[in-house]
Amino acid sequence: MKCIASLLLALIHLANLLNSATTQNAPVVPAVIVFGDSIVDPGNNNNLKTPAKANYPPYGQDFPGHFPSGRFSNGKIPGDFLVSGLGIKEYLPPFVGVELEPNDIITGVSLASSGSGYDTLTDSISGVFSVEEQLKFFDEYKEKLRGVAGDEKADSIISEALYIVCTGTVDFALTYFSTPFRSKHYDIPSYVELLVSSASTFLKELSLKGARKIGFVGLPPIGCVPSQRTAAGGLSRECVPVRNEAASLFNSRISEEIDSLQMGMLINGTRIIFIDIYPLLLDIIQRPHVYGFEEATKGCCGTGTIEVSFLCNSLTKTTCDDPSKFVFWDTFHPTERAYKILTDEIFENYLPYLQ
């Protein structure tokens with residue numbers, strides 16, 4: 001009997017150890033669901049009649065299989081680094097225009113659309129899916145999830161998933177500073193309020209649809225993006241202060257708005273964290289050598305001064321020899337290596353608050 005008792009105790013101890021190991025290795029969230037623009041779009045625009053897509057070379061030259069998936073970079077983008085870093089899967093797939101495997105539905109998708117923004121005019125100019133349409137895609141996604149996982153597990157995944165919202169740069173870079181449609185009627189502070197109001201509405205709707213852990217990504221130093229330097233930085237292509245100031249003002253106001261929203265949302269359990277990428281990206285641009293980069297004022301594609309989207313293509317443009325030495329891949333989007341550094345910052349300083 002003593003031998004049997006000892007054996008039972010040993011088996012129980014082993015089971016506890018295995019359970020502990022499984023728990024430690026399990027992802028901290030079951031899925032990642034992303035909304036936004038080209039920074040986080042892995043190919044939702046591929047079948048749209050819009051210039052805002054990247055499903056052709058040289059985009060994706062360093063992606064597995066050298067495949068131009070629709071990601072605006074030479075390789076992986078933030079959504080990919082998030083799901084791989086969380087131990088969920090290697091890549092975050094698009095939701096639109098693809099046949100998803102059941103496991104991909106269960107573990108999350110990107111609903112982002114390159115060229116979208118918080119301003120509805122931005123979506124009209126770009127001819128892409130608006131953030132409102134992305135919310136409708138989310139409803140469709142939830143139905144697919146229920147079909148694969150069942151209602152109970154689907155509800156659990158929806159409430160425990162990590163949600164990332166990342167857009168707004170195109171609102172300023174394209175709609176406000178490159179066309180007269182908004183700047184004639186809004187000064188920068190009033191335009192910021194328009195965007196903040198739209199972003200706030202989006203966050204409220206996302207919470208009502210079941211999101212409980214939301215990371216809201218702020219704007220980068222827009223005036224230091226290569227295309228903006230070319231457009232308004234003079235012959236020396238300096239950073240454009242007014243464009244950086246607009247981004248900073250938006251970040252400040254949306255951070256305040258998120259704090260205000262939290263007061264009400266905490267009642268239903270929703271947490272929103274403002275993710276401020278501005279300081280780190282600005283530091284990388286100003287001190288590239290500290291981070292192992294050699295070029296921060298131009299993109300890797302072509303001349304690096306104007307090429308983005310259809311202007312960066314294999315027929316007319318060559319690329320730099322080593323994209324890992326460049327902060328930017330084209331004149332608007334970072335390289336895979338720069339994205340990795342930014343995503344590591346999110347893991348270190350923000351995701352612990354959303355677990």
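The CD1 atom of Ile158 sits 11.0 Å away from atom NZ of Lys209, with the distance rounded to the nearest 0.5 Å. Separating the CD atom in Glu295 from the OG1 atom in Thr335 is a distance of 11.5 Å, to the nearest 0.5 Å. Note that CG of Asn55 is 4.0 Å distant from CG of Asn46, once rounded to the nearest 0.5 Å. Expressed to the nearest 0.5 Å, how far OH of Tyr163 lies from CZ of Phe35 amounts to 7.0 Å. The CG atom of Leu100 lies 11.5 Å from the CG atom of Leu145; values are rounded to the nearest 0.5 Å. The CG atom of Leu82 lies 12.0 Å from the OH atom of Tyr339; values are rounded to the nearest 0.5 Å.
Aromatic pair Phe172/Tyr191: centroids less than 6.0 angstrom apart.
Judged by the 6.0 Å and 45° rule, Lys142 forms a cation-pi pair with Phe138. Both tests hold for Arg337 against Phe293: distance to the six-membered ring centre under 6.0 Å, angle to the ring axis within 45°.
Proximity of a side-chain donor or acceptor of Thr179 to a complementary backbone N or O of Thr175 within less than 3.5 Å is detected. At distances below 3.5 Å, at least one donor-acceptor pair connects side-chain atoms of Asp171 with backbone N or O atoms of Asp119. With hydrogens and angles ignored, the 3.5 Å screen pairs a side-chain donor or acceptor of Asp80 with a backbone N or O of Leu92. Side-chain atoms of Ser84 never come within 3.5 Å of backbone atoms of Tyr91 as a donor-acceptor pair (strictly under, hydrogens ignored). Side chain of Asn44 to backbone of Ser113: no donor-acceptor contact under 3.5 angstrom is found. Proximity of a side-chain donor or acceptor of Tyr176 to a complementary backbone N or O of Tyr186 within less than 3.5 Å is detected. Judged by distance alone, with hydrogens and angles left aside, the side-chain atoms of Asn74 form no donor-acceptor pair with the main-chain N or O of Asp62 at under 3.5 Å. Proximity of a side-chain donor or acceptor of Tyr350 to a complementary backbone N or O of Phe216 within less than 3.5 Å is not detected. For the pair Asn244 (side chain) and Gly223 (backbone), a donor-acceptor distance under 3.5 Å is present. In this structure, the side chain of Arg237 engages the main chain of Thr297 through a donor-acceptor pair within 3.5 Å.
Here the shortest heavy-atom pairing between Gln286 and Pro288 reads C-CD, 3.4 Å. Taking every heavy atom of both residues into account, Gln228 and Ile222 meet most closely at CG-O, 3.2 Å. For the pair Asp37 and Ala112, the tightest heavy-atom approach, listed with the atom from each and the gap, is O-CB, 3.7 Å. Of all non-hydrogen atoms in Phe332 and Val308, the two that sit nearest each other are CB-CG2, 3.7 Å. Across every non-hydrogen atom of Ile285 and Cys224, the tightest pair is CD1-CB, 3.8 Å. Annotation for Pro51 and Ser126: closest pair CD-O, 4.3 Å, computed over non-hydrogen atoms.
Under the 4.0 Å criterion applied to side-chain N and carboxylate O atoms, Arg253 and Glu193 are assigned as salt-bridge partners. Between Glu160 and Lys213, at least one side-chain N (NZ, or NE/NH1/NH2) sits under 4.0 Å from a carboxylate O, which counts as a salt bridge. Salt-bridge check for Glu133 with Lys136: failed, with every basic side-chain N at 4.0 Å or more from each acidic carboxylate O.
Here the side chains of Ile277 and Glu345 are not in contact, with every heavy-atom distance at 4.5 Å or above. Between Lys76 and Glu90 the shortest side-chain heavy-atom distance falls below 4.5 Å. For the pair Phe81/Asp344, no side-chain contact is recorded, criterion being any heavy-atom separation below 4.5 Å from C-beta on. Between Leu354 and Arg271 there is a side-chain heavy-atom pair separated by less than 4.5 Å. In this structure the side chain of Gln262 reaches within 4.5 angstrom of the side chain of Ile272, judged on heavy atoms. The closest side-chain heavy-atom distance from Cys239 to Arg229 is below 4.5 Å. In this structure, Leu48 and Phe129 have side chains that are in contact, with non-hydrogen atoms separated by less than 4.5 Å.
Taken together, the cysteine pair Cys320 and Cys301 keeps its SG atoms at least 2.5 Å away from each other.
Between the side chains of Ser130 and Asp123, no donor N or O sits under 3.5 Å from an acceptor N or O. With 3.5 Å as the limit, one finds no donor-acceptor pair spanning the side chains of Asp41 and Ser38. Using a 3.5 Å distance cut-off with no hydrogens or angles, the side chains of Thr305 and Thr230 do not pair a donor with an acceptor. Checked by atom type, the side-chain pair Ser73/Arg71 shows no donor-acceptor distance below 3.5 Å.
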Apply side-chain contact (heavy atoms from CB on, under 4.5 Å) to residues Thr331 and Leu311 and explain how you reach the verdict. CA-CA 10 Å; Thr331 59; Leu311 294 177; over 6 Å; no

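Between Tyr56 and Tyr59, the angle of the ring planes goes over 60°, which puts this pair in the perpendicular group of the 30/60° scheme. Relative orientation of the Tyr118 and Phe250 rings is parallel, given thresholds of 30° and 60° on the angle between their planes.
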